[in-house]
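Structure first, commentary second.
Predicted model, so just to flag it, every value in this text is computed and none were measured.
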Amino acid sequence: MIAATQDPFIVEKIGLTVFGNEYAEVPVSWGLDDLVFARVRAAAGATPLRRITYAKGAFDAYYHPKPSLFRNEREELTNLVRQIAGNAGCERYVVVTRGEGMLPGTNQPLRGLGILNRGIGIISHSFLYVYLGVTVFDGQSFEIRKGPGVTLEAVVKRMADSFGQDEHLRKVDNSLFPVAAADAASSTTLRDNIRDFLTERLDKTLPPYFAP
């Protein structure tokens, strides 16, 4: 198992116009990947699970690629996982990475784990967000296995969910949004809230990957 959400926590302000937008990646030490591994182990049940470590910065180029018109993220991730796995010899590799979505009703992308404040002054709202990617690789060929989300039932469920509240967002009080982005790293309340939300998302997302 490779846990690769890594350290950055995103602090994002979305104003009424693009000129009011602010974005910052804040390094934190909240044990997020340790939490990811713990929830994968819980979802795996009796299935033996081994955590594969990797060098610091191994995912930097994947998360911050050079501009390209023809980027192939699946191929990049496959090559990276093959390199990290080395001679580990596992039957399969479950890789949890930061994912990407869109803020409902906008073309504003949201990536990984973070907090956003949308609006201005007293008419603003704050949300935690958690976007993850779960990819399973064959241990021999490193081909990406079809995930449980690629079913008619899952597609219909996602369509139904789209008419309700986005499950990747959790509304929080504006007081949780840091005055300065760097303040996020020292906020135990923010840490505890995002860990709780991350646990919720993982416990909902992971079990189908280990179903018989």
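Residues forming a side-chain contact (heavy atoms from CB on, under 4.5 Å) with T135 (at least two apart in sequence, or on another chain): L77, F137, I144. Scored by the side-chain hydrogen bond (donor to acceptor under 3.5 Å, both in side chains) test, E12 finds Q108, Y129 as partners (sequence neighbours excluded). In this structure D33 satisfies the salt bridge (Lys or Arg N to Asp or Glu O under 4.0 Å) test with no other residue, sequence neighbours excluded. Contacts of D138 classified as salt bridge (Lys or Arg N to Asp or Glu O under 4.0 Å), with partners at least two apart in sequence or in another chain: R145. E200 pairs by the side-chain hydrogen bond (donor to acceptor under 3.5 Å, both in side chains) definition with R170, not counting sequence neighbours. The side-chain contact (heavy atoms from CB on, under 4.5 Å) check on D7 picks up nothing, with sequence neighbours excluded. Partners of D173 according to the side-chain hydrogen bond (donor to acceptor under 3.5 Å, both in side chains) rule, which considers only residues two or more places apart in sequence or in another chain, are S175. For P104, the side-chain contact (heavy atoms from CB on, under 4.5 Å) partners are D166, L169, not counting sequence neighbours.
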N/O donor to acceptor pairs below 3.5 angstrom from side-chain atoms of residues 36-47, sequence neighbours left out:
from : atom 1 : to   : atom 2 : distance (Å)
R39  : NE     : D203 : OD1    : 2.9
R39  : NH2    : D203 : OD1    : 3.3
R39  : NH2    : D203 : OD2    : 3.3
T47  : OG1    : A44  : O      : 3.2

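Ring geometry for F127 versus H125: interplanar angle of 30 to 60°, hence tilted.
Hydrophobic clustering of Ile, Leu, Val, Met, Phe, Trp and Tyr side chains at less than 4.5 Å, counting indirect connections, keeps V81 apart from M1. Hydrophobic clustering (ILVMFWY, side-chain heavy atoms < 4.5 Å, transitive): Y63 and Y54 are in one cluster. Both V172 and L198 belong to a common hydrophobic cluster when Ile, Leu, Val, Met, Phe, Trp and Tyr are linked at side-chain heavy-atom distances under 4.5 angstrom. Residues W30 and F59 do not share a hydrophobic cluster, defined by chaining ILVMFWY side chains whose heavy atoms lie under 4.5 Å apart.
Residue pairs meeting the ring-ring contact (aromatic ring centres under 6.0 Å, His included) criterion with at least one member in residues 178-198: none, sequence neighbours excluded. Counting only residues at least two apart or in different chains, side chain to side chain donor-acceptor pair (under 3.5 Å) contacts with residues 84-101 comprise E100-R111.
Here I84 contributes atom CD1 and I2 contributes atom CD1; the two are 5.0 Å apart, rounded to the nearest 0.5 Å. The CG atom of L202 sits 6.5 Å away from atom CG of L35, with the distance rounded to the nearest 0.5 Å. N72 CG to T78 OG1: the interatomic distance, rounded to the nearest 0.5 Å, is 8.0 Å. The CD1 atom of I194 sits 5.0 Å away from atom CG of L113, with the distance rounded to the nearest 0.5 Å. L103 contributes atom CG, which lies 5.5 Å from atom CG of L110 (distance to the nearest 0.5 angstrom). Atom NE2 of H168 is separated from atom OH of Y131 by 6.0 Å, given to the nearest 0.5 angstrom.
Judged purely by atom type and a 3.5 angstrom limit, N174 uses its side chain to pair as donor or acceptor with the backbone of S124. Checking side-chain atoms of S187 against main-chain N and O of A184 turns up no donor-acceptor pair under 3.5 Å. Looking only at distances, no side-chain donor or acceptor of D196 sits under 3.5 Å from a matching main-chain atom of D192.
Residue S126 comes nearest to F177 through the heavy atom pair OG-CB, 3.8 Å, listed as atom of the first residue, atom of the second, then distance. Residues A181 and V26 come closest through the heavy atom pair O-CG2, 3.3 Å.
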Give the C-alpha distance, both sets of side-chain angles, the deciding distance and a yes or no for side-chain contact (heavy atoms from CB on, under 4.5 Å) between L132 and V130.
-> CA-CA 6 Å; L132 300 171; V130 172; 3.8 Å; yes
Would you sort out whether L190 and F9 count as a side-chain contact (heavy atoms from CB on, under 4.5 Å), showing the intermediate values?
-> CA-CA 10 Å; L190 189 54; F9 180 77; 3.6 Å; yes
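Residues E22 and V11 have side chains not in contact (no heavy-atom distance under 4.5 Å, counting atoms from C-beta outward). Side-chain contact check for K66 versus R71: every heavy-atom pair is 4.5 Å or farther apart. Residues F142 and N79 are not in side-chain contact: their nearest non-hydrogen atoms beyond the backbone lie 4.5 Å or more apart. Looking at heavy atoms from C-beta onward, I52 lies in side-chain contact with R50 at the 4.5 angstrom threshold.
Hydrophobic side-chain contacts under 4.5 Å tie L69 into a cluster, directly or through other members, with F70.
Using a cut-off of 4.0 Å between Lys/Arg side-chain N and Asp/Glu carboxylate O, R195 and D34 are scored as not salt-bridged.
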